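Here the structure is laid out as structure tokens; the discussion comes afterwards.
The structure presented is a predicted model; accordingly, all values stated were derived computationally and were not measured. All chains are named by letter (A, B, ...) in the order of the sequence lines, taking the proteins before the strands, and each is independently numbered beginning at 1. Heavy atoms only: backbone and side chains are in, while hydrogens, waters and symmetry mates are out.
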Amino acid sequence: MNKINKFNLSKEKVVDFAKIEKKWQELWEKKKAFVVKEGKKRKCYVLEMFPYPSASGLHVGHAFNYIIGDIYARFKRMQGFNVLYPMGYDAFGLPAENAAIKAGEHPKKYTENAINNFVMQQKRLGLSYDWGRMIKTCDADYYKWNQYFFLKFFKKGLVYRKKSSVNWCPKCKSVLANEQVHNGKCWRHDDVDVEIKSLEQWFFRISNYAEELLQDVQKLDWPERIKIMQENWIGKSEGTEIFFEINSEKWAVFTTRPDTLFGVTFLVISAQHPRLMEIVKEENKKEVEEFLRKIKSTSEKDNINLEKEGVFSGSYAIHPLTKEKIPIWIGNFVVADYGSGMVMAVPAHDQRDFEFAKKYNLPIKLVVVPLDEKLSSNTLKEAYLGNGVMINSEEFNDLENVEAMEHITKALEMKKLGKKTVNYKLRDWLISRQRYWGTPIPIIYCEKCGIVPEKEDNLPIVLPEKVKFGEGNPLSTNEEFVNTKCPKCGRKAKRETDTMDTFVDSSWYFLRFCDSANSKVPFDKKKVDYWMPVDQYIGGAEHACMHLIYARFFCKALRDFGFVSVSEPFKRLFNQGMIHGEDGFVMSKSRGNVVNPSDMINKYSADSLRLFLVSMASPDKDTQWSTNGIESMHKFVTKIFEHCKKIKFGKSSKRFESKINKTIKELTNEIENFRYNIAIIKLRELFSEMEREEEIAKSDFGSFIKMLSLFCPHIAEELWCRIGSKNFVSLADWPVCDEKKIDEKFEEMDKNFEKAIEDINNILKIMKEKGKEIEKVYLYVLPKEIEGYNEKELAKRIGKEIKVFAVNDKKKYDPENKSGKAKPGKPGIYVE
RNA sequence: GCGGGGAUGCCGGAGUGGACAAACGGGAUGCGCUCAAGACGCAUUGGCUCAGUGCCUACGAAGGUUCGAAUCCUUCUCCCCGCACCA
């Protein structure tokens with residue numbers, strides 16, 4: 001067994017992929033093959049979502065992502081575009097800080113190590129980045145501009161501070177992200193309940209752009225499902241705002257069903273409503289407080305089917321039209337920051353209200369009834385949500401409820417008791433984090449002047465390196481950082497110790513790539529105007545509602561400030577699928593099914609890995625790793641290399657010319673649409689054809705190498721160089737299809753040829769079963785079809801001696817007159 | 001619950017009205033090469049039948065449209081993903 005393996009290994013060594021890869025990677029870098037500048041040429045900006053550099057290094061998912069992008073970038077470059085294809089690192093974030101707490105390694109060092117490791121591994125994949133533009137978001141050169149934009153936003157009121165309920169772990173002494181709360185417990189302390197704390201937080205007013213974000217998403221060339229996810233996330237709903245009088249003050253509620261206004265039997269205010277206590281009567285206070293305490297411990301959303309609960313506030317509202325007294329309840333199911341945080345409850349026509357009314361024995365009043373069915377408030381089993389005719393609604397009775405919506409809204413507007421409104425689910429973006437490893441928020445608190453923005457000239461506010469980890473936010477315990485002077489009055493003041501959400505970093509990094517070394521401004525507008533928008537963005541679908549909305553928001557806000565001219569950052573988006581482990585499960589350390597790209601490169605070469613990853617399935621689909629798959633792909637790559645080394649140049653046959661031009665045409669289209677798997681199949685087919693040819697034209701061979709170079713750039717460069725080409729194949733012109741050379745007759749010939757082989761084999765099989773030994777096969781072909789039947793090829797495929805005659809050949813050997821059986825496309829066969 | 005996407009041969013996965021028993025790859029089997037194994041080449045890989053033919057059964061299930069359906073329509077089952085009390 002050992003012997004065999006050793007032998008195999010030495011055989012594989014015939015092609016020294018490692019050497020070839022190193023050679024070309026170094027040459028690309030040395031000759032600045034992929035370095036770009038603005039110019040007159042048509043541009044194409046290809047970008048992959050930049051990674052968070054984790055210490056565990058690159059995994060195949062990353063590799064897959066970058067390979068998809070690299071193939072596209074190479075393709076566009078060869079097509080003559082000026083391709084901007086950069087790489088950077090989303091380097092701030094929690095894992096680095098947690099590592100610091102756990103292992104005592106400074107986040108900066110941790111991150112730098114991780115980045116170096118990423119770069120090294122990425123280079124080995126043969127990715128054609130313009131490395132000179134690299135960004136690390138943890139560099140002050142970068143995050144300075146986060147602070148700069150923050151100040152701009154602040155000036156224009158796009159940033160504000162407000163009290164908000166956040167997840168707080170008393171043991172970490174820090175706010176947690178929603179993702180860090182599991183079943184109401186802290187992710188690091190599973191015995192500690194997360195508290196909901198009301199804290200002053202910084203927000204970006206993304207809701208200002210809700211409508212535009214919604215409108216523009218439809219125009220994007222993005223996967224439909226991502227667009228739909230964003231639409232749902234923004235969640236526009238049109239309805240009516242209605243004012244109820246409470247303690248002689250007007251309180252608004254939002255409804256999409258103004259037609260049911262007469263069915264309102266109570267109001268429900270959110271338990272998290274900031275003005276809740278104003279409507280709680282003294283005698284109900286105790287009960288309410290107890291209720292609030294109770295829901296606090298179950299406040300996490302992890303409870304999927306939370307039982308609706310509530311308590312009476314003691315107050316009443318006055319119905320705007322009937323002037324009836326309506327009790328106000330406090331409920332756990334009303335969202336505080338949507339609409340006005342208070343709803344009008346119509347138990348007859350809303351399932352949630354219905355359940356609440358049943359539980360607390362509140363009246364149910366039908367106001368819309370279907371025509372074909374008799375309903376009664378007493379026997380109602382569930383809320384009636386359908387359309388129908390109005391009842392119990394004074395002058396609106398007998399109207400269709402759909403009409404009544406309009407009429408009631410108008411009536412309210414006349415009396416100034418309501419108005420048409422639009423509401424969005426999209427909330428303002430909470431950006432403050434009580435964490436160290438992020439961009440310091442450039443705000444100062446002065447006892448006299450209050451909240452004061454830092455002066456632009458004082459940027460960057462540098463993150464101090466010497467801090468203590470493990471006790472809440474390390475910034476707040478760093479005296480040197482915290483204590484400062486007020487930029488306005490010069491008195492003693494304190495710095496904001498919150499840092500920005502790292503999604504701020506990734507909201508504009510694609511702009512910085514256009515001018516990454518600029519130290520005067522975040523980027524030169526001219527350069528950004530040349531490169532933007534990103535023509536092709538590539539990344540996973542998990543960012544559908546976070547990064548992709550934030551970045552769109554930033555782009556629009558920066559447009560309004562005059563920094564950029566485009567309204568949308570990413571013109572076209574491609575979502576790659578997930579690569580699962582060989583066992584079908586998501587790759588994870590604990591499962592032990594993780595595949596490391598570098599190991600695969602060592603074992604099978606970068607070109608094999610690249611080719612394999614994009615050939616398994618359509619790149620947008622989830623797939624499974626397969627050892628067999630990459631092994632056979634490696635064999636294929638080796639075979640290509642070996643065959644191409646000894647190929648004979650001359651004149652291509654008409655047939656091969658037809659084939660290669662057809663392949664060029666199809667491949668171009670497949671690549672443009674990310675059907676790489678199909679492209680590879682076509683390339684394989686072309687290669688098989690090539691193997692059959694005695695000789696081919698050098699230019700046709702060149703075309704093949706060019707197409708191959710997208711997937712296997714290293715061996716392609718090597719082969720390209722060996723045929724005497726001076727420049728890089730990576731920078732060569734993409735082959736153009738010569739339509740005139742495509743001749744469908746060859747397809748027809750192939751089909752007939754394959755059919756004939758099938759027929760012969762069938763006959764041979766039958767003869768064998770009958771015990772007859774066959775040595776020779778004779779084929780009788782129509783004279784004009786004879787070029788389609790190559791004796792040598794036939795003999796190879798059948799494994800017998802074979803002779804091909806034209807049917808009109810006088811000298812043919814045909815003892816049983818089988819030539820008479822020959823038909824167009826179907827030769828006669830005789831065996832003996 | 002709402003929204004989106006799927007279900008294809010031993011497996012992965014193409015294919016969106018005829019040229020489909022269905023690309024391509026993997027696996028398996030057989031043959032060739034070889035002392036032998038690997039590698040390589042060729043063939044087979046739904047069933048029956050047969051000198052290259054013909055038939056049947058098949059693309060989640062059941063119906064329908066059509067001269068004709070894996071492909072279009074309807075209903076159902078199952079799987080995946082996203083959102084989740086948004087009034």
Side-chain angles (χ1 to χ4, degrees), chain A residues 1 3-8 11-12 14 223-229 231-233 235-237 239 253-257 260 268 270 301 303-308 331-346 349-353 355-356 423-427 541-542 544-545 578 584 612 615-618 621-624 626-633 635-636 638-639 642 675 677-678 680-682 684-685 688 691 747-748 751 755-770 772 774 795-799 816 818 821 826-831:
Chain A
M1 202 59 195
K3 250 185 193 165
I4 292 165
N5 281 338
K6 261 183 200 161
F7 194 74
N8 278 339
K11 176 122 201 228
E12 280 167 14
V14 169
E224 215 47 44
R225 74 189 188 105
I226 303 287
K227 298 211 282 190
I228 288 165
M229 276 163 82
E231 281 172 25
N232 293 342
W233 187 261
K236 178 178 184 173
S237 60
V253 301
F254 175 73
T255 180
T256 52
R257 291 289 305 273
T260 63
V268 189
S270 167
K301 286 184 190 164
N303 245 339
I304 295 168
N305 287 319
L306 201 64
E307 166 100 13
K308 283 163 200 55
N332 64 345
F333 66 98
V334 178
V335 178
D337 47 4
Y338 180 76
S340 60
M342 181 155 68
V343 298
M344 58 180 227
V346 187
H349 303 290
D350 182 287
Q351 188 56 29
R352 293 153 304 185
D353 300 345
E355 285 167 28
F356 197 83
N423 255 306
Y424 301 90
K425 282 192 210 171
L426 185 73
R427 309 293 152 77
E542 67 275 16
C545 290
M578 272 243 286
F612 170 65
S615 70
M616 297 189 286
S618 177
K621 293 233 166 101
D622 290 356
T623 40
Q624 263 179 54
S626 152
T627 303
N628 267 330
I630 188 158
E631 265 169 11
S632 57
M633 198 49 89
K635 279 181 204 164
F636 177 63
T638 311
K639 192 165 139 187
E642 290 298 332
R675 289 188 295 260
N677 54 330
I678 308 287
I680 289 164
I681 285 165
K682 297 203 161 140
R684 283 186 90 127
E685 281 170 357
S688 304
E691 278 186 299
E747 298 270 310
E748 193 63 35
K751 222 177 258 169
K755 186 77 179 122
I757 287 185
E758 215 173 277
D759 288 346
I760 296 165
N761 276 321
N762 204 356
I763 294 168
L764 290 177
K765 193 179 117 203
I766 292 158
M767 298 314 262
K768 199 177 170 188
E769 276 162 13
K770 290 191 173 168
K772 281 188 200 162
I774 299 300
K796 187 181 160 198
R797 296 281 295 272
I798 287 174
E816 285 188 17
K818 292 284 187 187
K821 275 199 145 190
K826 196 175 156 91
I829 300 164
Y830 174 68
V831 300

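Going from the P atom of rC42(B) to that of rG25(B) covers 11 Å, rounded to whole Å. Taking atom P in both rG17(B) and rG26(B), the straight-line distance is 29 Å, to the nearest Å. Remark: the separation of the P atoms in rU29(B) and rU66(B) is 49 Å, to the nearest Å. rU57(B) sits 15 Å from rU49(B) when the C1' atoms are compared, rounded to a whole Å. For the C1' atoms, the distance linking rG60(B) with rG9(B) amounts to 14 Å, nearest Å. Here the separation of rA7(B) from rG15(B), taken at their C1' atoms, is 15 Å to the nearest Å. Between rC78(B) and rC72(B), the two P atoms lie 23 Å apart (nearest whole Å). Separating the P atom of rG30(B) from that of rC24(B) is a span of 23 Å, rounded to the nearest Å.
Out of rA14(B), rC24(B), rA51(B), the shortest distance to the side chain of Lys621(A) is found at rA14(B). Closest to the side chain of Glu685(A), out of rG13(B), rC24(B), rG27(B), is rC24(B). Here the side chain of Asn332(A) is nearest to one of rU44(B), rC85(B), rC24(B), namely rC85(B). With distances taken from any side-chain atom of Lys765(A) to the nucleotides rC50(B), rA84(B), rG3(B), the minimum falls on rC50(B). Checking rA43(B), rC50(B), rC85(B) against the side-chain heavy atoms of Phe333(A) singles out rC85(B) as nearest. Nearest nucleotide to the side chain of Asn628(A), out of rA51(B), rG4(B), rG26(B): rG26(B). For Asn677(A), the side-chain atoms get nearest to rA14(B) when compared with the rest of rA14(B), rC83(B), rG27(B). Comparing rA87(B), rA39(B), rA51(B) against the side chain of Val335(A) picks out rA87(B) as the nearest. When distances run from any side-chain atom of Lys751(A) to the nucleotides rA87(B), rA19(B), rG4(B), the shortest one goes to rA19(B).
Using a 4.0 Å heavy-atom cutoff across all strands shown, Arg684(A) reaches sugar-phosphate atoms only and no base atom. Among the protein residues, Ile678(A) comes within range of the sugar-phosphate backbone only, with heavy atoms under 4.0 Å from sugar or phosphate atoms but none that close to a base. Across all strands shown, Ile228(A) has heavy atoms under 4.0 Å from sugar-phosphate atoms exclusively, and none from any base. Across all strands, Lys308(A) comes closer than 4.0 Å to base atoms (heavy-atom distances). Note on Ser237(A): only backbone sugar-phosphate atoms sit closer than 4.0 angstrom, heavy atoms only; bases stay farther off. Residue contacts shown for Glu224(A) are absent, as no nucleic acid heavy atom lies under 4.0 Å away. Backbone-only engagement by Lys639(A) is indicated by non-hydrogen atom pairs under 4.0 Å involving sugar-phosphate atoms exclusively. The residue Val831(A) sits close to a base: some heavy atom pair falls under 4.0 Å. The residue Lys826(A) sits close to a base: some heavy atom pair falls under 4.0 Å. Residue Val253(A) is out of contact with every strand shown, counting any heavy-atom pair closer than 4.0 Å.
Distance alone, capped at 3.5 Å, is enough to place a donor-acceptor pair between the Asn761(A) side chain and the Ile757(A) backbone. Not a single donor-acceptor pair under 3.5 Å links the side chain of Asn423(A) to the backbone N or O of Ser340(A). A side-chain donor-acceptor contact under 3.5 Å links Asp622(A) to the backbone of Met578(A).
The shortest non-hydrogen separation linking Gly331(A) to Val268(A) is N-CG1, 3.4 Å. Minimum heavy-atom separation, Ile829(A) to Val831(A): CG2-CG1, 4.1 Å.
With sequence neighbours excluded, the residues that form a salt bridge (charged side-chain N to carboxylate O under 4.0 Å, His left out) with Glu747(A) are Lys662(A). For the side chain to side chain donor-acceptor pair (under 3.5 Å) test, no residue two or more places apart in sequence or in another chain qualifies with Glu691(A).
Put simply, CD1 on Ile630(A) is 14 Å from P on rG27(B), counting in whole angstrom units. Counting to the nearest Å, the P atom of rC85(B) and the CD atom of Glu355(A) are 13 Å from each other. The distance from atom NZ of Lys227(A) to atom P of rG4(B) is 14 Å, rounded to the nearest whole Å. One interatomic measurement links the two molecules: CD of Glu747(A) to C1' of rA23(B), which rounds to 13 Å at whole-angstrom precision. One can place CE of Met578(A) at 15 Å from C1' of rG5(B), the figure rounded to the nearest angstrom. The separation between Lys682(A) atom NZ and rA23(B) atom P is 14 Å, rounded to whole Å.
Annotation: the span from Met767(A) atom CE to Leu764(A) atom CG amounts to 8.5 Å, rounded to 0.5 Å. To the nearest 0.5 angstrom, Ile760(A) atom CD1 is 12.0 Å from Ile774(A) atom CD1. Annotation: the span from Glu685(A) atom CD to Ile680(A) atom CD1 amounts to 12.5 Å, rounded to 0.5 Å.
Between Ser632(A) and rG25(B), a side-chain N or O to OP1/OP2 separation shorter than 4.0 Å is absent. Listed pair Lys425(A) / rA87(B) fails the phosphate criterion, with no side-chain N or O lying under 4.0 Å from OP1 or OP2. At least one side-chain nitrogen or oxygen of Tyr338(A) sits closer than 4.0 Å to the OP1 or OP2 atom of rA87(B). A sub-4.0 Å separation between OP1 or OP2 of rA43(B) and a side-chain N or O of Arg797(A) is present. Taking side-chain N and O atoms only, Ser615(A) has no distance below 4.0 Å to OP1 or OP2 of rC24(B). Contact check, Asn232(A) against rC83(B): no side-chain N or O comes under 4.0 Å of OP1 or OP2.
Positionally, the nearest nucleotide of RNA chain B for Pro827(A) lies more toward the 5' end than for the other of Pro827(A) and Asn423(A). Mapping Gly341(A) and Gly828(A) onto RNA chain B via the closest heavy atom, the residue that lands nearer the 5' end is Gly828(A).
Using the six-membered ring where Trp is involved, Tyr338(A) and Phe254(A) have ring planes that are perpendicular, over 60° apart on the 30 and 60° scheme.
Counting atom types as modelled, Lys796(A) pairs no side-chain N or O with a base atom of rC42(B) as donor and acceptor under 3.5 Å.
Consecutive Watson-Crick or G-U pairing (both distances under 3.5 Å) extending over three or more pairs maps onto RNA chain B as B:1-7 with B:77-83, B:10-12 with B:24-26, B:27-32 with B:40-45, B:46-48 with B:54-56, B:60-64 with B:72-76.
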